[in-house]
Amino acid sequence: MTYDRDHVVLSVRDLSVTYKAERGLVQAVSHASFDLHAGETLALIGESGCGKTTLNLALIRQLPKTASTFGDGIFYTYRDGRQINVLELNDRDMRRFLWSECAMVFQGALNSLNPVIRVRDVVFETARAHGMKREEAYKRALKLLEQVRLDAERVMRSYPHELSGGMRQRVLLALSLILRPQVVIMDEPTTAVDILTQRSILDVLKQLRDELNFSVIFISHDLAVAAEIADTVATMYAGEIVERGPVNEVFYRSRHAYTLNLLNAAPRLSVGVERLESIAGKPPDLIEPPTGCKFHERCSFATAVCAQVQPPLVEYEGGHLAACHETGRVLIEARETRLVSAP
Amino acid sequence: MTPIIELRHVNRSFIKDKQVIPVLQDVNLSIEENEIICLVGESGCGKTTTGKIIVGLLDPSQGEMLIDGQPIANHDKQAQKRIRRQFQIVHQDPFASLNPAHTIGDILSFPLRRHKMVTGTGSLRRRIWELLTMVDLTPPGDIVNKYPHQLSGGQRQRVSIARALTVQPRLVVADEAVSMVDVSIRISLLKMLHRLREELGLTIIFITHDLALAKYFAWEGRIAVMYLGRIVEMGRTPDVIANPAHPYTRALLAAVPEADPDLTRSKHVLQLRSDEIPRLTAIPPGCAFHPRCPFYVPGLCDVDVPALGAAPGFVQQASCWPLQKGLPLVPAGLTPEMTADARP
């Protein structure tokens, strides 16, 4: 839970992404801004289609051709203090930037590994593409595979199909760190794995993070996973970051109605009888989004002003930001309903 | 009261590449009318196979299944069909389980007509309206002419449930029925299932890998935890969740992250001796969990298979030799003194 608050690695400023569709422009991400510090884990939470994955693909410029990215910039600070704007990198520098500065681990590990290439050849290929010595890369990969608690020598010789799902996910995590990136983006890395496998992935991730001190952007629809590993949580709704703050602030003193509604829809195993409530309705159309707060049609706190005026993102104490007109009422209810559970 | 359904020593195996794969072994399960029971466990534990056997999509390889105290074979063909109809299943993927070429009205009218649940167009229409209202797809007029792709995942799952209700079942197996819908709307589906259970007197078998969901849904019912084809623990939900007996259940509960930062970070994870789940073709002798179990007692756990039974200090049943013999659970390699505070 400690990270370097003075050292910003990645600074995203006013980033927007639109997709071209037949009916018009889909505003998949609107005006997202945030800082990621050295060693910090930021969890992006929200329903499917809220823009989490799009935002992350935009950070590494891996969006499909139908997408356009706008904004002030994605500023990345190298270890030596040099700063660049990722949006301005040419293709060659972008390829270098990926993996050596910013790596990613996607959902569905089987699809991320080429089925006819052994793990060790992935290591050699990565080394070749980034001008690292084969032996050095191999040694580093062996060490990382051991750190993720795998039988390193055996895994190196294996094809992906010879590994179980959880092992593959850990292999990907280890491989993503070969070039010592400062930032690792993980998109639902523990979705669709079994409970004990999920546990081992989370434990391994926490341990590696402590040892190697990289920053993580973690995308998850699973609030429990976010609660477990995040330093900072950002809630996304309809393409906007509507709330952001330290994990305890967001979970116990939620300031956006959507975050609180999400939390009130998630059962907790160790909390006896719970009064849970689903969020009514469905996420809005992003081609013609509603006026005012995009959540107002589904919100239990909404008043007349919410339908007309878009709430600005306001900073509150404790580094906590939220864009909600009814933040006061939300906070009172959050304190009443969320804090009682502490063991 | 006679249980609505009872599995007695049910085994089920599949044959793949000339190898026999025992998917279920010696499953004993007795379910009362109007009960809620959750089958939980990791993939490959046999929970879906159990559900399929209950609704008659699979037959047991060995053992018997009693419905209202009678083996189904005791009835004539006609009665067998009628009885089978009382047991319905809702599948996980609402994108795959609804035919994309048919409207919602068609999807609901096929079983209604096939099983002669209605007579005449007027009553068919009334019944479809009634079913859609029952699953909160209102106004039904807006839904009935739509195709599945025009509905959200949650709405589709409601159609699947409505379809299962067309034949007025007594029991519904919900196999991961909310796993594919968004977290934000899962609860409303579960509440609807609760309401249908009350209104229609349904018995619900809820299959899930999500323990928090199982806890919420089956709080007033029972949970059966499965591992490698066997039920290893079974009891009332609050008992199992608050005071798990079997080491596997303990490991699962300890491993689940919680949507609460302080709570989830203060959990004590139970370290297993191995992360590897054995293959179903090479199930370890004795208790199948023993190669991974931190409380493994050599010579006791790896010889005979423990049956599901009473264990001193627990209300629920568990299949664990040391527990049943009243031994303290001690992590392997440690003496009891060293772990005095680790005991249940």
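The shown structure was predicted, so the numbers you read here are calculated from the model rather than taken from an experiment. To find a chain, count down the sequence lines: A is the first, B the second, and so on, and within it residues start at 1.
Proximity to chain B (any heavy atom under 4.5 Å) is restricted, for A/Q198, to the side chain, taken from C-beta onward. For a residue to count as touching a neighbouring chain, one of its non-hydrogen atoms must lie under 4.5 Å from one of that chain's; by this rule B/I185 touches chain A with backbone and side chain alike. Proximity to chain A (any heavy atom under 4.5 Å) is shown, for B/L190, by neither the backbone nor the side chain. In this structure, the portion of A/I229 lying under 4.5 Å from any heavy atom of chain B is its backbone and not its side chain. For A/V233, no part lies near chain B; criterion is any non-hydrogen pair under 4.5 Å. Interface remark: A/A280 contributes no atoms to any contact with chain B (heavy atom separation under 4.5 Å). With a 4.5 Å cut-off on non-hydrogen atoms, A/S164 does not touch chain B at all. In this structure, the portions of A/L276 lying under 4.5 Å from any heavy atom of chain B include both its backbone and its side chain.
A/Q207 and A/Q147 are not linked by any side-chain donor-acceptor pair at a separation below 3.5 angstrom, with hydrogens and angles left out of the test. Between the side chains of A/R149 and A/S200, not a single donor N or O lies within less than 3.5 Å of an accepting N or O. A/R338 and A/N264 form a side-chain donor-acceptor contact under 3.5 Å, judged by distance and modelled atom types alone. A donor and an acceptor atom, one from each side chain of A/E243 and A/H256, are nowhere located under 3.5 Å apart.
Salt bridge status for A/D285 with A/R23: present, with a side-chain N to carboxylate O gap under 4.0 Å.
For the set B/K191, B/R186, B/E42, B/Q155, the count of heavy-atom pairs under 4.5 angstrom toward chain A peaks at B/E42. Chain A forms the most heavy-atom pairs under 4.5 Å with one residue out of B/T237, B/I277, B/D210, B/V256, and that residue is B/V256.
The backbone N or O of B/Q92 lies less than 3.5 Å from a partner atom in the side chain of B/Q157, making a donor-acceptor pair.
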Yes or no on salt bridge (charged side-chain N to carboxylate O under 4.0 Å, His left out) for A/R298 and A/E47, after CA distance, side-chain angles and deciding distance? CA-CA 13 Å; A/R298 306 172 71 190; A/E47 285 166 279; 3.1 Å; yes
